[in-house]
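To start, the structure itself, in structure tokens.
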Amino acid sequence: MCSKQLASSHQHLLDPVSRKMICACDACAILFSNPGQTKYKRIPRRIRFLPDFRMTDSQWDGLMMPINMAFFFKSTTSSDNTPGDRVIALYPSPAGATESLLSFDTWDEIEIENPVLADMEADVEALLVNRIGHSRGFTNPEYYIVPIDECFKLVGLIRSRWNGLSGGTEVWREIGQFFGELKAKSPHGSNPHGSNMVAETSHA
């Protein structure tokens with residue numbers, strides 16, 4: 001925002017209407033820390049691995065996700081840019097982030113069983129779900145509350161690294177590393193070197 005040179009690790013701000021992010025130095029980001037700000041919202045840095053998160057296979061199926069990886073966030077604007085309050089469901093794909101129709105009855109049920117979701121900061125934090133390994137019987141599902149820019153980092157990784165129909169070994173290795181790093185940054189993290197999802201799903 002102020003044209004200051006930024007380090008590779010820096011703050012991000014979000015325009016909730018366009019869902020576009022901009023880079024900012026610490027000083028500029030602090031200016032948008034007030035919840036009353038309307039143009040931009042500061043994206044927080046906290047990452048929370050949720051080992052006790054409750055979601056059954058039938059509940060996941062009820063969300064009607066076409067793949068076993070997605071993220072969900074509370075949006076304060078509607079599709080016509082008027083104030084609103086709804087949950088947006090997106091999943092990463094080789095074409096980028098794709099919005100999916102969400103079964104709100106199922107989401108409401110999940111939210112009741114997991115009060116931690118009420119703590120998500122609207123627009124800038126998301127529930128990130130990784131059930132890729134679980135769907136093939138290798139690892140347990142993983143659930144995180146993360147800054148929204150981490151979700152789009154995952155989207156960019158998949159979009160830029162995907163090859164052919166299955167994605168290729170490289171993209172699955174990097175997806176595994178991505179989730180391993182998330183878990184390591186969480187206060188409840190474990191296994192910082194990643195899960196066994198990578199080797200098992202590299203041919204998926």
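Computation of the quantities below employed the complete heavy-atom set of this structure, encompassing side-chain atoms and omitting hydrogens, waters and symmetry-equivalent molecules. Index from 1, following the sequence. Keep in mind that what you see is a predicted model, and the values were worked out from it rather than measured.
- For Phe179 and Phe49, the distance between ring centers is not under 6.0 angstrom.
- Side-chain contact between Ile158 and Ile175: present, with at least one pair of heavy atoms (C-beta onward) separated by less than 4.5 Å.
- The distance from the NZ atom of Lys20 to the NE2 atom of His12 is 15.0 Å, given to the nearest 0.5 Å.
- Contact between Gly96 and Val155 at its shortest, heavy atoms only, is C-CG1, 3.6 Å.
- Linking ILVMFWY side-chain heavy atoms closer than 4.5 Å, directly or via other members, places Leu13 and Leu31 in a single hydrophobic cluster.
- Within the model, atoms CD1 of Ile88 and CZ of Arg19 stand 4.5 Å from one another, a figure rounded to the nearest 0.5 Å.
- How far NZ of Lys4 is from NE2 of His10: 12.5 Å, rounded to the nearest 0.5 Å.
- Take Gln5 and apply the side-chain contact (heavy atoms from CB on, under 4.5 Å) test, not counting sequence neighbours, and it matches no residue.
- Salt bridge Arg48/Glu125: present, at least one basic N to carboxylate O contact under 4.0 Å.
- Surrounding CZ of Arg159 are at most 12 heavy atoms belonging to other residues, nucleotides or ligands under 6.0 Å away.
- Between the side chain of Trp172 and the backbone N or O of Glu174, no donor-acceptor pair lies under 3.5 Å.
- In the hydrophobic clustering of ILVMFWY residues, with side-chain heavy atoms under 4.5 Å counting as a link, Trp162 and Ile67 come out together.
- Considering every non-hydrogen atom in both Leu14 and Met21, the closest pair reads CD1-CG, 3.7 Å.
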For this session: Start with the C-alpha distance between Glu150 and Leu182, add both sets of side-chain angles, then the distance that settles side-chain contact (heavy atoms from CB on, under 4.5 Å), and finish with yes or no.
Result: CA-CA 9 Å; Glu150 291 288 346; Leu182 280 187; 3.9 Å; yes
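- Taking Ile, Leu, Val, Met, Phe, Trp and Tyr as members and joining any whose side-chain heavy atoms lie under 4.5 Å apart, directly or through other members, the hydrophobic cluster of Tyr143 also contains Leu50, Phe53, Met55, Trp60, Leu63, Met65, Phe72, Val87, Leu102, Phe104, Trp107, Ile110, Val116, Leu117, Met120, Leu127, Val129, Ile145.
- One distance of note links CG of Asn130 with CZ of Phe178; it measures 9.5 Å at 0.5 Å rounding.
- Taking all atoms of both residues into account, the shortest heavy-atom contact from Ala126 to Cys151 is CB-SG, 3.8 Å.
- Taking 4.5 Å as the limit, some side-chain heavy atom of Cys25 sits within range of a side-chain heavy atom of Leu6.
- The minimum heavy-atom distance linking Ile47 with Pro147 is given by the pair CG1-CD, 3.8 Å.
- Listed for the Lys39 side chain is no donor-acceptor partner under 3.5 Å among the backbone atoms of Phe32.
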For this session: Apply side-chain contact (heavy atoms from CB on, under 4.5 Å) to Gln11 and Cys23, showing your working.
Result: CA-CA 6 Å; Gln11 304 263 353; Cys23 301; over 6 Å; no
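- Classified by interplanar angle (parallel below 30°, tilted 30° to 60°, perpendicular above 60°), the ring pair Phe73/Phe71 is parallel.
- Asp26 has no carboxylate O lying under 4.0 Å from a charged side-chain N of Arg42, or vice versa, which leaves the two without a salt bridge.
- Contact record, Leu157 with Ser160: O-OG, 3.3 Å, taken as the closest heavy-atom pair.
- At most 12 heavy atoms of other shown residues, nucleotides or ligands fall within 6.0 angstrom of atom CZ in Arg54.
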For this session: Report the C-alpha distance between Glu113 and Glu109 in whole Å, list the side-chain angles of each, state the deciding distance to 0.1 Å, and finish with yes or no for side-chain contact (heavy atoms from CB on, under 4.5 Å).
Result: CA-CA 6 Å; Glu113 294 184 11; Glu109 181 181 315; 4.0 Å; yes
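- Residues Asp123 and Ser75 form a side-chain contact, since some pair of their non-hydrogen atoms from C-beta on lies under 4.5 Å apart.
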